[in-house]
**Student:** 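Take a look at the following structure, please.
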Protein chains: 2
Amino acid sequence: MNARSVTNGVMARKAGSHADITGPAIREAALRLFARSGYAAVSMRQIAAEVGVRAGALYLYTPDKQTLLFDLMQDHLETLLAAWKVTKSGTSPAERLQSFVRFHVGYHIDRRDAVFLAYMELRNLTPENFAAIETLRSAYEVELETILAAGQEAGAFRLPDVRVTTMALIGMLTGVNTWFRGDGRLDRERIEQIYWNLTRRMVHA
Amino acid sequence: MNARSVTNGVMARKAGSHADITGPAIREAALRLFARSGYAAVSMRQIAAEVGVRAGALYLYTPDKQTLLFDLMQDHLETLLAAWKVTKSGTSPAERLQSFVRFHVGYHIDRRDAVFLAYMELRNLTPENFAAIETLRSAYEVELETILAAGQEAGAFRLPDVRVTTMALIGMLTGVNTWFRGDGRLDRERIEQIYWNLTRRMVHA
DNA sequence: GTCTATAGATGGATAGAC
DNA sequence: GTCTATCCATCTATAGAC
């Protein structure tokens, strides 16, 4: 029994109305394939095959391939920002920074494909789409930069340069995405601890 | 006057023997275009147009597109490793680490396209080529990990985890490639200083 | 909502003239 | 060494049947 057979009571794999299933399935397949092989290297036929439909059917759910990519990236960044806004906590600069570091690392572990896509496929966006995505990415970066600047101002942190430290930290934390697989000797909680440990000393807190 | 006119004394743009010029020109054009738009998104015709020849002529210099990519990545990593071996210096763990940090940041600033290509296009390599490149990448990572492990052993560094710190540092330092443009308020020497400052505190040296 | 079929463009790579 | 010409595969996207 798969999701489809639950819907119509048979093991049908052809024809019928499955908009509620096919739409998300396309997005999931596209996300996985784009993250694995790259946007330009993945064909609409491959995505369709993964979902179990023909290529033409994809165009009932997206006007074109570019929009499919853009929607995946936009949704990811909006979800990331929204998740951070409800997670952020702490009153002191150090507490706020810790909440950001743990959130960022944890989120990057949980949503590997979306995170990877969002920073690997920027160059495959049209100029208009790129501008929209960059605005969202920048808003997220500013969240960290604001914490660092406040800590520097209050004397809680001693940073050689707030802007460069922001970029250095983002790079360091995002890097977890490139090596962590979840099947190693360390679990998610331990990774978060280690990254926070490194960060704390880096900002001299 | 361009390089070609110097060679044969006329402003010729067609026919003639230019193996010594065309070969490197193809590699430079491919490196730039692959780095900017991605391997899969760049056509052999685009590369040829950039060089000033027709697509067919490229096949006098590379058996196929995949080999062109592989050679660029392999050359980069071999050059990187060789450059590091002649640059590495210092006797104490802290001195060795400083030499690595400054080398890595400086090299990433100087060879932006090659560096970017080497970590963005791994997924477009055939399995055999991927394995060869991964061996080289790993050898470079081990250089840093060895320094950190030695410092930890000697009590010069206090790291929560040598392996994770290696990956965190590589991510942090490599990140300079994604934002530094050379036309900002900071020069190369200052960037190296800042990254070393952050690193030194991170390892508790 | 999905399929078959296809238009129209573009891709990598090769053959043979010069 | 390069060009012209081309083969053949593949791609995105659409039209029309069911």
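Chain naming here is simple, since letters A, B, ... match the order of the sequence lines and numbering starts at 1 in each. Quick caveat: nothing in here was measured; it's all calculated off a predicted structure.
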**Student:** Tabulate atom names and distances for all N/O pairs under 3.5 angstrom spanning the protein and nucleotides 15-18 of chain C.
**Tutor:**
none

**Student:** Given atom CG of B:L58 and atom C1' of C:dT14, what is their separation to the nearest angstrom?
**Tutor:** 13 Å
**Student:** Check side-chain hydrogen bond (donor to acceptor under 3.5 Å, both in side chains) between A:T174 and all other residues, then give those that pass, not counting sequence neighbours.
**Tutor:** A:H104
**Student:** Compute the centroid of each ring, for B:Y39 and then for B:F70, and state whether the two points are separated by less than 6.0 Å.
**Tutor:** no
**Student:** Please tell me if B:T22 has a side-chain N or O lying less than 4.0 Å from either OP1 or OP2 of D:dT2.
**Tutor:** yes
**Student:** Aromatic ring centroids of B:W84 and B:Y107 under 6.0 Å?
**Tutor:** no
**Student:** Rounded to the Å, how far apart are B:K65 NZ and C:dT14 C1'?
**Tutor:** 17 Å
**Student:** Please state whether the phosphate of D:dT2, meaning OP1 or OP2, lies under 4.0 angstrom from any side-chain nitrogen or oxygen of B:Y61.
**Tutor:** yes
**Student:** Among the nucleotides C:dT14, D:dT4, D:dT14, which one has an atom lying closest to any side-chain atom of A:Y59?
**Tutor:** D:dT14
**Student:** With sequence neighbours left out, what residues match A:E192 under salt bridge (Lys or Arg N to Asp or Glu O under 4.0 Å)?
**Tutor:** A:R102, A:R188
**Student:** Figure out the CG/C1' separation between B:N124 and C:dG12, and round it to whole Å.
**Tutor:** 15 Å
**Student:** Please state whether the rings of B:W179 and B:Y195 are parallel, tilted or perpendicular, taking 30° and 60° as the class boundaries.
**Tutor:** parallel
**Student:** Just to be sure I understand the geometry, which residues of residues 28-47 of chain A put a non-hydrogen atom under 4.0 Å away from DNA chain D?
**Tutor:** A:V42, A:S43, A:M44, A:R45
**Student:** Taking only residues two or more places apart in sequence or in another chain, which ones pass side-chain hydrogen bond (donor to acceptor under 3.5 Å, both in side chains) with A:Q98?
**Tutor:** none
**Student:** Just by distance, no angles: are the side chains of B:E95 and B:T91 close enough, under 3.5 Å, to form a donor-acceptor pair?
**Tutor:** yes
**Student:** Do any side-chain atoms of residues 50-60 of chain B form donor-acceptor pairs under 3.5 angstrom with protein atoms, and if so which ones, sequence neighbours left out?
**Tutor:**
unit_1	atom_1	unit_2	atom_2	d
B:E50	OE2	B:R32	NH1	2.4

**Student:** Choosing from C:dT4, C:dG1, C:dA13, which nucleotide comes nearest the side chain of B:D64?
**Tutor:** C:dA13
**Student:** What is the distance, to the nearest angstrom, from the CG atom on B:L60 to the P atom on C:dT14?
**Tutor:** 11 Å
**Student:** Test salt bridge (charged side-chain N to carboxylate O under 4.0 Å, His left out) on A:E141 and A:R163 and set out the steps.
**Tutor:** CA-CA 10 Å; A:E141 264 177 35; A:R163 181 65 188 153; 3.4 Å; yes
